[in-house]
Amino acid sequence: MTTYPMTRAKGCPFDPPPELGELRQSEPLTRVEIWDGSRPWLVTRYADQRALLADQRVSADPDRTGYPMSGPARPRGDDTSIGFILMDDPEHARLRRMVTAPFMIKRVEAMRPAVQKIVDDLIDSLLDGPKPVDLVEAFALPVPSLVICTLLGVPYADHDFFQENSRNLIRTSIPVEERSASFKRLYDYLDELIGSKIEKPGDDLLSTLIERIASGELTRRDAAGIGVLLLIAGHETTANMIALGTLALLEHPDQLDRMRATDDPKQIALAVEELLRYLNITHNGRRRVALEDIEIGGRTIKAGDGIILPNDIGNRDPDVFDDPDRLDLGRDARRHVAFGFGVHQCLGQPLARMELQVVYGTLYRRIPGLRLATTVEEIPFKHDGAVYGVYELPVTW
C-alpha cells in the first residue's frame with residue numbers, strides 16, 4: 001500500500017515527489033494510506049482534480065466521517081472557529097461574501113501604489129544595511145505582513161506575535177497541544193482586537209465586520225475566526241512564495257535574466273503565474289470527503305470516502321502543460337490550480353498576485369547582482385509544514 005505524504009527527491013527542492021508522477025501515469029486515482037491507517041483516494045491528474053474540486057458532491061468539512069485529516073487533530077478549540085475555509089455551502093458562501101469586497105480586482109489594483117512603496121522602502125533598507133542578509137526576515141515576511149495588517153486593521157507592531165504563532169500553527173512537526181495553544185492565542189488576539197473596534201471602528205476590513213455583528217448576520221466568534229484565517233493566509237503563503245520564487249530564479253539564471261529584463265506588466269504577470277504553477281507551496285494536498293458515490297476516471301469514489309488532491313503534481317501534468325518540469329516564464333500558466341478551483345478557491349488570490357507582481361518586477365531590477373550567500377544544500381527548507389518554503393534565504397549582491 002502506498003503511503004501519503006511522500007518524500008521529495010534529494011536535491012530537487014522545487015519538484016514534487018517522483019512517486020506522484022509515477023502514480024499520475026499508472027494509477028491517477030488510487031488508494032493510499034495516511035497517518036491514521038485510513039485509505040483515502042489520491043487524485044493526481046489535473047483534469048480529475050479540477051472536476052472534483054468543482055463537484056458539489058464533495059465536502060470540505062473535516063467533521064464529516066471519512067474526511068482525511070492531515071494530522072492527529074485540528075488546532076481548534078471548542079469555543080473557536082477558523083472562518084469559512086473548512087465549511088460547505090451555504091454557510092461557506094454566506095460568510096465568504098462578507099469579506100469578498102476588499103479582494104476584488106479593482107480594489108486590489110487601487111492598492112498597488114501603496115504596495116510598490118512598501119517594496120521600494122524595504123529594498124532601500126536592504127541596500128543601506130549589512131550584507132549578507134536573510135531575505136526572509138528582511139523582505140519576504142515584511143512585505144505581505146505590512147499589506148495584510150493595513151487591510152485588516154491589525155497593528156504591524158504585533159507582527160512578531162502573529163508570525164510566531166502562525167508558524168507554529170502550520171508546522172506539522174510541532175505537537176498538537178502547542179499548535180492548539182498558538183491558534184487559541186491568535187484567536188483571542190483577534191477577538192480582543194474586534195472588541196476594541198466595536199468601540200472605535202476604523203477604515204479596515206475587521207471594522208466592516210462590526211456592522212455584520214451588530215445586525216446579527218455574524219457572531220463575534222465567527223468574526224474572530226475569519227480574522228485568524230485572513231491574517232495567516234494573508235502573509236504566510238505570499239511570504240513563502242517571495243522567498244522560494246527568488247531562490248528558484250537564482251537557480252535558473254536564464255529565467256532570472258528574463259524577469260530582470262522586462263518591465264512589461266503583462267510579461268511580469270505571466271511570470272508570476274508560471275512561478276505559482278512550478279513551485280506549488282501547498283504540499284499536503286487539498287482534503288475532501290465524498291457525500292455521494294462519484295464516478296470519475298473509471299473508478300467509483302464511494303460516499304464517505306476521503307479524497308486528497310495534491311496540486312503540486314496536478315500543476316505538473318503534461319496533458320496540460322508542455323514540458324511541465326521546466327520553469328519557463330514565457331509560458332501561459334494561468335490554468336494552474338495553485339489557488340485551488342471551484343467555490344473554495346483562494347479568496348485572496350488577486351491580492352497575492354498583485355504583491356508578487358510588484359515584488360518580482362522590482363527586486364531583481366533594483367538589485368541586479370542579487371545572489372545566494374550560501375549553497376542550496378545549506379538552505380533550510382520547510383519540509384515540516386503545510387506551507388512549503390524556506391526558513392532562511394541568505395543573499396548578498
Side-chain angles (χ1 to χ4, degrees), residues 3-5 31-43 49 52-96 99 165-166 168-184 186-187 190 219 221-233 236-237 282-294 301-311 337 339-348 384-387:
T3 59
Y4 184 86
R31 294 275 199 173
V32 292
E33 186 172 309
I34 60 175
W35 64 276
D36 61 355
S38 63
R39 297 177 57 196
W41 291 93
L42 184 71
V43 183
Q49 289 186 4
L52 287 167
L53 287 170
D55 198 318
Q56 294 184 345
R57 295 172 295 174
V58 300
S59 169
D61 183 354
D63 289 330
R64 292 185 182 273
T65 301
Y67 184 94
M69 299 292 293
S70 58
R74 281 180 293 146
R76 177 176 175 179
D78 292 339
D79 62 343
T80 61
S81 73
I82 193 159
F84 47 79
I85 192 171
L86 299 177
M87 296 179 181
D88 294 331
D89 287 344
E91 187 67 358
H92 161 264
R94 184 183 74 85
L95 294 176
R96 181 178 171 123
V99 292
N165 284 284
S166 295
N168 290 344
L169 193 58
I170 63 176
R171 288 183 67 180
T172 55
S173 61
I174 289 180
V176 171
E177 295 78 14
E178 290 184 34
R179 285 189 286 139
S180 296
S182 286
F183 181 83
K184 189 65 164 60
L186 284 171
Y187 179 88
L190 267 297
T219 66
R221 172 179 177 272
D222 283 336
I226 290 172
V228 172
L229 169 63
L230 296 179
L231 183 61
I232 296 172
E236 277 289 345
T237 51
T282 53
H283 288 167
N284 62 348
R286 289 182 168 84
R287 310 286 173 124
R288 299 290 188 268
V289 60
L291 300 177
E292 303 175 21
D293 291 359
I294 301 172
I301 298 176
K302 295 284 190 181
D305 284 351
I307 304 169
I308 301 177
L309 308 110
N311 55 281
V337 287
F339 290 116
F341 191 69
V343 297
H344 281 89
Q345 64 182 295
C346 177
L347 171 71
D384 62 343
V387 180

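Everything numeric here is computed off the predicted structure, so don't read it as measured data.
Here Thr219 contributes atom OG1 and Leu95 contributes atom CG; the two are 8.0 Å apart, rounded to the nearest 0.5 Å. Of the inter-residue distances, the one linking Ile85 atom CD1 with Cys346 atom SG reads 8.0 Å to the nearest 0.5 angstrom. Here CD1 of Ile232 is found 9.0 Å from CG of Asn165. Values are rounded to the nearest 0.5 Å. A distance of 9.0 Å separates CD in Glu236 from CG in Leu169, rounded to the nearest 0.5 Å. Distance check, rounded to the nearest 0.5 Å: OG of Ser166 to CG of Leu231 gives 5.5 Å. Taking CG of Asp55 as the start and CZ of Phe341 as the end, the distance is 11.5 Å to the nearest 0.5 Å.
Between Gly306 and Pro68, the closest heavy-atom pair is CA-CD, 3.8 Å. Residues Leu53 and Arg288 come closest through the heavy atom pair CD2-NH2, 3.7 Å. Listed here is the closest heavy atom pair of Asn168 and Arg179: O-CG, 3.0 Å. Closest non-hydrogen pair, Val228 versus Leu190, comes out as N-CG, 3.9 Å. What you find for Arg57 and Asp293 is that their closest heavy atoms are NH1-O, 3.5 Å. The two residues Met87 and His92 come nearest to each other via the heavy atoms O-CB, 3.5 Å.
Residue Gln56 qualifies as open at atom CD: its count of foreign heavy atoms under 6.0 Å is 12 or below.
When side chains are defined from C-beta on, Trp41 does not count as touching Leu52, because their heavy atoms never get closer than 4.5 Å. By the 4.5 Å heavy-atom criterion applied to side chains, Asp305 and Ile294 are not counted as neighbours. In this structure, the side chains of Val337 and Leu309 stay at 4.5 Å or more apart for every pair of heavy atoms. Between Asp61 and Tyr67 the shortest side-chain heavy-atom distance does not fall below 4.5 Å. When side chains are defined from C-beta on, Trp35 counts as touching Met69, because their heavy atoms get closer than 4.5 Å. Within the 4.5 Å cutoff, side-chain heavy atoms of Pro310 are placed close to those of Gln49. Inter-residue side-chain proximity for Tyr4 and Glu33 is flagged as unmet; no heavy-atom pair is nearer than 4.5 Å.
Shown are Val289, Ile307, Ile301; of these, the side-chain contact (heavy atoms from CB on, under 4.5 Å) with Val58 is made only by Ile307.
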(message) The test is side-chain contact (heavy atoms from CB on, under 4.5 Å); show your working for Phe84 and Arg94 and say whether it passes.
(response) CA-CA 9 Å; Phe84 47 79; Arg94 184 183 74 85; over 6 Å; no
(message) Between Arg31 and Leu42, is the side-chain contact (heavy atoms from CB on, under 4.5 Å) condition met? List the steps.
(response) CA-CA 6 Å; Arg31 294 275 199 173; Leu42 184 71; over 6 Å; no
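Arg64 and Asp88 are joined by a salt bridge, as a carboxylate oxygen and a charged side-chain nitrogen come within less than 4.0 angstrom of each other.
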